[in-house]
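Provided herewith is a single structure, encoded as C-alpha cells, for subsequent inquiry.
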Amino acid sequence: MFTALVDVFTPDPGPLAYRAIRLNASGGVEGIEHITAHHDEEAVALTSRMANGYGVDLWERSRFLESFPSLSVRAPGAKA
C-alpha cells in the first residue's frame, strides 16, 4: 500500500532528455545537440564519438554525466 501512495505523489519526470554541449578550445559553448538514447550508457557511447574537433559535455536535464575532451587535444609527449 505504501508503494501506491509514493507513486501518486511522485511526479513522472517523463522521457530522458540528453543533450551534448560542444565546447571550443577556450571552454566556450559552440552548440548544443539533443541526443536520443534509452539509457545513460547509450548516451555516453553516442556522445563520446562526437568529441573530435570539440570537447563535449553530456547532460541529462540538470544531471551532469560525463565530459569528453577534444580528440585533437593530446597529452604532452603523446604520439600522433
Over all atoms of both residues, closest heavy-atom pair of Pro69 and Ser67: CD-O, 3.9 Å
Transitive ILVMFWY side-chain link Leu16 to Leu65, under 4.5 Å: yes
Within 6.0 angstrom of His39 NE2, more than 12 heavy atoms from elsewhere: yes
List, one per line, each side-chain donor-acceptor pair under 3.5 Å for residues 26-37, sequence neighbours excluded.
unit_1 : atom_1 : unit_2 : atom_2 : d
Ser26  : OG     : Asn24  : OD1    : 3.0
Glu30  : OE2    : Asn24  : ND2    : 3.1
Glu33  : OE2    : Arg22  : NH1    : 2.8

Connected via hydrophobic side-chain network under 4.5 Å: Phe68 and Tyr54: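 They do not share one cluster, since no chain of ILVMFWY contacts under 4.5 Å joins Phe68 to Tyr54.
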Any side-chain heavy-atom pair of Leu23 and Ile21 under 4.5 Å: yes
Check: Ser70 side chain, Ala51 main-chain N or O, donor-acceptor pair, under 3.5 Å: no
For Tyr18, the option from Val44, Asp40, Thr47 that meets side chain to side chain contact (heavy atoms under 4.5 Å, CB included):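 Single side chain to side chain contact (heavy atoms under 4.5 Å, CB included) partner of Tyr18 among Val44, Asp40, Thr47: Asp40.
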